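First up is the structure itself, then whatever we jot down about it.
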Protein chains: 2
Amino acid sequence: MRTERLPTLEDVARIAGVSRATVSRVINGIRNVDPQLHEVVWDAVGRTGYVPNRLARSLVTRRTGTVALVVSDSEAHDDDPFMGRFFADPYFGRVVGGLMSVLREKGVQLALQIVGSDDQRRRLVGDLRNGQADGAIVLSLPPIDPLPRMLTEGSVPAVLIGRPSEPVPIDYVDLANDTGATLAAEHLLARGCQRIAMISGPADVPASSDRIAGFRRSMARRGHGWVPTETGNFTRDSGETAMRALLAGNPELDGVFVANDLMALGALAALREAGRRVPEDVAVVGFDDSSAAVAASPALTTVRHPLEDMAAEAARLLLARIEDPAMRVSSVIYEPALIERDSA
Amino acid sequence: MRTERLPTLEDVARIAGVSRATVSRVINGIRNVDPQLHEVVWDAVGRTGYVPNRLARSLVTRRTGTVALVVSDSEAHDDDPFMGRFFADPYFGRVVGGLMSVLREKGVQLALQIVGSDDQRRRLVGDLRNGQADGAIVLSLPPIDPLPRMLTEGSVPAVLIGRPSEPVPIDYVDLANDTGATLAAEHLLARGCQRIAMISGPADVPASSDRIAGFRRSMARRGHGWVPTETGNFTRDSGETAMRALLAGNPELDGVFVANDLMALGALAALREAGRRVPEDVAVVGFDDSSAAVAASPALTTVRHPLEDMAAEAARLLLARIEDPAMRVSSVIYEPALIERDSA
DNA sequence: CGGGGATTGGAGAGCGCTTTCCGAGTGTTA
DNA sequence: TAACACTCGGAAAGCGCTCTCCAATCCCCG
């Protein structure tokens, strides 16, 4: 590869017969530059094929036009298949899609960052403070995560998707998970289900515990003080396993709320295997309204989680905070809705 | 937000009582520095909480430690829902997961770039040449895409996932799509299917046309010179529509090869709706072995597309090319395998 | 026709880092 | 002890850009 040097501002300036400063002004549209010169400069830019060097520009402006999408994972179990699962999960894609829908038109780039250890988190915050990116959208996976606090302490503009596990003055967007669970409970009850069980996610992550709490509370209010529950980890297989366990312990069950669609898919398989018809014998309500819900058969009745919208809102919030770091800390909570299909 | 200036190399040097150059050497582990000084410097780094500024470093080293994941789309239909679909598709996540599995341990970042117009492509190539990233992994969606050629002409290290639509001297990884289609054909034939149809993807994208060609060729060799075909666009809904059309024109059909799992899901729905049992009445073979395949009911017999592995290999290839730009252009073709499940 | 204000272009000082080039210090050999 | 080869740290020149000064030019009005 020839190291043919690329044209720089300097080159353009020489060709246009003006100073670097002038070219810079023209390119950035600053101040009134004599229209004649203006044209001469653009002409030179065209002839040289000049492209501004973003790195150099960022170094002085302290702006990169990039935001980081940080996935904060718990300690990596090394050759851990987890991240693979995470990326393949529709969750990740939906978030990226939502973010890009607003970032793209603003010409802002997205840089992906995975941190799995506190050391990596420290390094990340350091880089961010150094202006590696203008801000961060954070997807926090571990039950308790020091990252949000580190970010605020480093005064790095950041927005979480999902509420922080411990109270931290940081912007976030979240779903009213408890309301969603309530919707599911009421639907199951309204259908006439009598023996209702639940397949939950890990009890220690906020989104999951909110769903558990919301579901239990609603059921208790309607006289169901005890809800048989099995815990999964949001994967399809764990849903299948949980459903089998539930069936073994509660053969007479006629309704189940599954804390996400992927697990519901597994549950459906286990039910089919056990010869139960859905929804006739057992009604199933999922959560997320991911693409899996409509792919399932029967199509899943599920709680809609407007993840794309939430991610888009997170992006907007982040952009606003970057613009005005003194902005009041705010959070946006989305209301879920029940999507009725065939499984309940 | 206080603009408390972050410690720089200069500060560390002052505290350690040495010159900037020395600190730089210590930090980058260059040359033998007196072990004593070495320690003094690290101590100063620790005390100040110094973090090197990657931007500044990149500006001089011409290395960013970042590779771009470029999604080259056709002209955006503006408020086009397409990108949303694309990100939500398991395809995107699987690629990201595969890439990260390699990049992560090398400490290389991934920056996401979407280009929808030739203008954006030009700008992208310019930025890349300017060292915005060390190289690019390209996901090319349009039937004919000038990007690969632009990249090679700009001598930007790049690797395509999927072969280029027109011959360009560029590294790529691809799947032997035709072989995959052959696998599907033989399986259907071996099952004893007599009237076999196909739901293909858009005829103008390479991956899709290879599947069509491979399938037709294999069928022809076995005496089936004519294969009823409907074209979809790789979405679930298009698969459903295509299946209906196929059924309408060929009510007696007993086997169908669907060019990806998502469309197969739709086909399954259409078959169910038409009262056909799968696989008893109609055998269905999908393509990709995405998570949708196992989620489907009946679980899809499908052609495995090792996308994660391919993406990982693409990342390795890219890293190698960045290291040695003169490296011979190479391509890696993966062999698909038939995964037998319940639908055929 | 001269002076004040407004407008415009240029010089140059950085942004934070790497790296070449040197000179000074150390050890080795004849 | 002198000559030589090394080793090691520091000074300084950039990487490509922005932006603050400041000087030059222009216009308008008295």
Side-chain angles (χ1 to χ4, degrees), chain A residues 3-42 44-45 48-66 126-134, chain B residues 3-42 44-45 48-66 126-134:
Chain A
T3 315
E4 33 173 340
R5 210 174 50 76
L6 262 52
T8 73
L9 245 205
E10 182 88 47
D11 300 324
V12 177
R14 190 157 6 86
I15 293 189
V18 297
S19 79
R20 285 207 317 280
T22 305
V23 179
S24 176
R25 282 190 207 105
V26 170
I27 287 180
N28 297 302
I30 306 283
R31 248 164 84 182
N32 279 350
V33 173
D34 183 328
Q36 288 230 346
L37 268 191
H38 195 275
E39 197 161 328
V40 172
V41 170
W42 275 119
V45 168
T48 54
Y50 170 72
V51 178
N53 183 320
R54 305 185 63 154
L55 250 50
R57 184 186 299 208
S58 296
L59 185 57
V60 31
T61 58
R62 262 91 226 306
R63 272 305 197 83
T64 59
T66 295
D127 282 348
L128 253 21
R129 304 212 325 154
N130 264 327
Q132 169 82 330
D134 298 337
Chain B
T3 314
E4 32 173 339
R5 209 174 50 76
L6 263 51
T8 72
L9 245 205
E10 181 89 49
D11 299 323
V12 176
R14 192 160 0 86
I15 292 191
V18 298
S19 79
R20 287 208 316 280
T22 305
V23 178
S24 175
R25 282 190 206 107
V26 170
I27 286 179
N28 296 303
I30 306 284
R31 247 167 81 183
N32 279 351
V33 172
D34 184 327
Q36 287 229 347
L37 268 191
H38 194 274
E39 196 161 327
V40 173
V41 169
W42 275 118
V45 168
T48 52
Y50 170 71
V51 178
N53 184 320
R54 305 184 62 151
L55 250 51
R57 186 187 301 215
S58 296
L59 185 58
V60 34
T61 59
R62 263 93 223 306
R63 271 305 198 83
T64 59
T66 296
D127 281 347
L128 254 21
R129 303 211 327 153
N130 264 325
Q132 169 82 329
D134 298 336

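Every heavy atom of this structure was used, including side-chain atoms; hydrogens, water molecules and symmetry mates were not. All values reported here derive from a predicted model rather than from experimental measurement. Protein chains get the first letters and strands the later ones, always in sequence-line order, with residue 1 at the start of each.
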Expressed in angstrom and rounded to an integer, what is the separation of L37(A) atom CG from dT7(C) atom P?
17 Å

May I have the step-by-step check of side chain to side chain donor-acceptor pair (under 3.5 Å) for R57(A) and N130(B), ending in yes or no?
CA-CA 12 Å; R57(A) 184 186 299 208; N130(B) 264 325; over 6 Å; no

Please report, rounded to the nearest Å, how far the P atom of dT18(D) is from the CG atom of N53(A).
10 Å

Output the single nucleotide from dC15(C), dG12(C), dC17(C) whose closest atom is nearest the side chain of R20(A).
dG12(C)

Rounded to the nearest Å, what distance is computed from the CG atom of residue D127(B) to the C1' atom of nucleotide dG16(D)?
14 Å

May I ask you to say what N28(B) touches in the nucleic acid, namely base, sugar-phosphate or nothing, with a heavy-atom cut-off under 4.0 Å?
sugar-phosphate

Distance-only polar pair, side chains of T64(A) and D134(A), donor-acceptor under 3.5 Å:
yes

Per S19(B) side chain, nearest of listed nucleotides dA11(D), dC17(C), dC15(C):
dA11(D)

Of R62(B) and T22(B), whose closest DNA chain D nucleotide lies nearer the 5' terminus?
T22(B)

Does S24(B) reach a base, just sugar-phosphate, or nothing at all? Heavy atoms under 4.0 Å.
base

Got a donor-acceptor pair under 3.5 Å from the side chain of R25(B) to the base of dT18(C)?
no

Interatomic distance where CZ belongs to R63(A) and P belongs to dC19(D) [whole Å]
12 Å

Quick check: do V18(A) and L37(A) have side-chain heavy atoms less than 4.5 Å from each other?
yes

Atom-pair distance (CG on D34(A); C1' on dG10(C)), nearest Å
15 Å

Looking only at side-chain atoms of T61(A), point me to the closest of dG16(D), dT18(D), dG10(C).
dT18(D)

Report yes or no: does T48(A) contribute a side-chain atom to a donor-acceptor pair with the main-chain N or O of V12(A) at less than 3.5 Å?
no

Nearest-nucleotide wise, let me know which of A21(B) and L55(B) is further upstream toward the 5' end of DNA chain C.
L55(B)

